[in-house]
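Accompanying notes for the structure given below.
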Amino acid sequence: MPDALSFSRRIGRFAGDLRTVRLVMAVGIILMGAVWLHQHPQHNPWAPLDLREPYGLATSAKLQSLRDDVQTCRSVLERSEVAFQILPPDEGQQDQCRRSDKTVLPGLPLSPDRPVASCPVLAAFEIWLEQTVRPAAIEIFEEDIASVEHLGTYSCRRIGNSAEGTWSEHAQGNAIDIAAFNLTNGRRISVLDDWNGEDREQEFLNAVRDGACSVYATVLSPDYNAAHRDHFHFDQSKRFGGVCR
């Protein structure tokens, strides 16, 4: 029969064995996590953003990081194989309305033209269009999107066109207003006419509004106030936290 001393030594070895097993398990979990993140870059905060990837856990943070880094934003467009044009920055405008980032995505189905906006606004639009708007149109109407009608991006003014107060994100082209959606069968769905319209139109407009909240810093709809009864306002302001109304 073992004496007390030898028994206590075995207990010590058991404790060491348990620590080794736990360490091996921890390393295995870390390696499995690294492999999973490599296979799912949309969830990997260290993987470069590609606008073609499905929306993931890290997508919002990656988009937020573009608000202060135009060069990285343009690199994202190149990586995502999105055609873009860079226009010369504004000269002679007052600081609040000077645009240093003037980007155009000629491939976007925007109407009546391809507006000039900041790169972060257009990068977010690309994700929103491909991963929210088009899938919602196909699911609800069984039709694709032919074009998206906008009311502009740039306007040198304060919020609400007031004489004083905070400058609008439109003042530097860091916002876009969306008024309507045209389907491939000719059907038109407008924020003004259909926000409180038929069930399918309401479902679609609510879906695309909610989807925009994942990629834009600010999303305002008719639920916000009467000034937005005819359009959605999207912007990439540098505020902490988002607004989705």
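All values reported here derive from a predicted model rather than from experimental measurement. We number each residue from 1, following the sequence as shown.
Partner of Asn174 under the side-chain hydrogen bond (donor to acceptor under 3.5 Å, both in side chains) criterion, out of Arg99, Arg67, Gln236, Glu169: Glu169 alone.
No donor-acceptor contact under 3.5 angstrom links the side chains of Asp113 and Ser111, judged on distance only. Between the side chains of Asp235 and His233, at least one donor-acceptor pair of N or O atoms lies under 3.5 Å. Looking at Asp223 and His228, their side chains never bring a donor and an acceptor atom within 3.5 Å of each other. Using a 3.5 Å distance cut-off with no hydrogens or angles, the side chains of Ser221 and Arg209 do pair a donor with an acceptor. Between the side chains of Glu143 and Thr184, at least one donor N or O lies within less than 3.5 Å of an accepting N or O.
In this pair, Phe232 and Phe181 present their aromatic rings tilted. The plane angle is within the 30 to 60° band.
Other residues, nucleotides and ligands contribute over 12 non-hydrogen atoms within 6.0 Å of the CD atom of Glu78. Annotation: Tyr224, atom OH; neighbour count of heavy atoms from other residues, nucleotides and ligands within 6.0 Å does not exceed 12.
Under 4.0 Å is where a charged nitrogen must lie from a carboxylate oxygen, and between Glu53 and Arg79 no such pair does. Salt bridge status for Glu130 with Arg52: absent, with no side-chain N to carboxylate O gap under 4.0 Å.
If you look at Trp128 and Tyr216, their ring centroids are not closer than 6.0 Å.
The two atoms that bring His150 and Ile178 nearest to each other are CB-CD1, 4.1 Å, heavy atoms only. Across all non-hydrogen atoms, the minimal contact from Thr132 to Ala207 is CG2-O, 3.7 Å.
Side-chain N or O atoms of Arg157 include none that pairs as donor or acceptor with a backbone N or O of Trp167 at under 3.5 Å. Here the side chain of Ser80 pairs no donor or acceptor atom with the backbone of Val82 at under 3.5 angstrom.
Contacts of His231 classified as side chain to side chain donor-acceptor pair (under 3.5 Å), with partners at least two apart in sequence or in another chain: none.
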